[in-house]
Amino acid sequence: EGSDLWRRNADPFGTEDPFGAFGGPLMVCTRKRLILCLTLLGLWLGVIWGNSLLSGELSKKVSGFFGWLVNGFMPSANAGTGEAGHGLLRKVGHLTEFCLLGLLLSWLVRMTLKETRQHLWLPLLGGIGVACVDETIQYFIPGRACRITDVGIDTLGCALGIVIITLIVIKKNQKLKETKQLPLVF
C-alpha cells in the first residue's frame with residue numbers, strides 16, 4: 001500500500017493496478033516499483049560497466065560466445081564470424097545494452113518526475129553519461145579502446161529504449177481516452 005508521497009498519480013479506482021500489466025500502473029510511483037526500478041538499474045549498470053572491465057581478449061571470447069548463441073538460433077546469420085561479423089555483433093551488443101538502459105532510465109524518470117518535458121531528455125542525458133563512463137573505463141583496460149562511435153551507438157540504443165517507453169505510454173493514453181479513464185502523464 002503506497003502513500004501519496006510514493007504515488008505520483010492518484011489511483012481513482014482504489015486499486016493498485018487498475019489498467020492491467022504494463023503501460024499505466026508501472027508509471028505510478030509506489031515504494032515497491034521505485035525499489036524494483038532502482039535495483040534493476042543498478043544491476044544493469046553493473047553489467048554494462050562489468051563488461052567494460054573485461055580485458056580485450058576476454059571481451060572477444062564473450063562476444064564469440066554470443067555469436068555462437070545467435071548462430072545456434074539463426075544459422076544463416078553468421079554472427080560473429082570474421083572480423084566484420086565480430087565487429088557488427090559488438091555494435092549490436094552496445095545498442096542492446098543501452099536500449100535496456102534507456103527503458104529503465106525512462107521508467108524511473110516517468111515514475112518520479114511530473115514535468116513531461118524531462119521525460120525525454122533526462123534519461124537520454126543519463127544514458128550519454130553512462131556511455132561516456134563506459135568508454136572511459138575501456139581506455140584504461142588492456143586490449144580495449146575508447147571510441148566516440150561507441151558513445152554514439154550507445155546513445156542511439158538509449159534513445160531507442162526511451163522511444164519504446166514513450167510509444168507504450170502514447171498507446172496506453174489512447175486506450176484510456178477511448179474508455180474515458182484518466183490518461184497517463186506523457
Contact between [X] and [Y] at the side-chain level, heavy atoms closer than 4.5 Å - yes or no?
| X | Y | result |
| --- | --- | --- |
| Met111 | Thr30 | no |
| Leu101 | Val130 | yes |
| Leu156 | Phe98 | no |
| Leu108 | Pro123 | no |

hydrophobic_cluster_shared for [Y] and [X], side chain cutoff 4.5 Å:
| X | Y | answer |
| --- | --- | --- |
| Trp44 | Val151 | no |
| Leu95 | Val133 | no |
| Leu160 | Leu100 | yes |
| Ile153 | Val92 | no |
| Leu103 | Leu34 | yes |

Pairs where residues 95-106 contributes a residue and the test side-chain hydrogen bond (donor to acceptor under 3.5 Å, both in side chains) is met, not counting sequence neighbours: Asn51-Glu97
Summary of side-chain hydrogen bond (donor to acceptor under 3.5 Å, both in side chains) pairs that have at least one residue in residues 147-158, sequence neighbours excluded: Lys91-Asp150, His94-Asp154
ILVMFWY clustering at 4.5 Å (side-chain atoms), partners of Ile35: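 Direct or chained contacts put Ile35 with none.
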Members sharing Leu43's hydrophobic cluster (side chains within less than 4.5 Å): none
Expected output: side-chain Ser59 to main-chain Ser55 donor-acceptor under 3.5 Å: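 Flag not set: sc Ser59 to bb Ser55 has no pair under 3.5 Å.
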Side-chain donor or acceptor of His119 paired with backbone N/O of Leu113 under 3.5 Å: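 Pair found, side chain donor or acceptor close to backbone of Leu113.
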All side-chain hydrogen bond (donor to acceptor under 3.5 Å, both in side chains) counterparts of Glu135, not counting sequence neighbours: none
Could you tell me the separation between the [atom1] atom of [X] and the [atom2] atom of [Y], rounded to the nearest 0.5 Å?
| X | Y | atom1 | atom2 | answer |
| --- | --- | --- | --- | --- |
| Ile162 | Trp121 | CD1 | CH2 | 11.5 Å |
| Leu53 | Ile48 | CG | CD1 | 12.5 Å |
| Arg144 | Leu54 | CZ | CG | 6.5 Å |

Nearest non-hydrogen partners of Leu120 and Thr166, listed with the distance: CD2-OG1, 3.5 Å
Where Cys158 and Leu105 come nearest, the two heavy atoms and their spacing: SG-CD1, 4.5 Å
Residues which pass side-chain contact (heavy atoms from CB on, under 4.5 Å) with Leu40, listed by chain and number, not counting sequence neighbours: Leu36, Leu104, Trp107
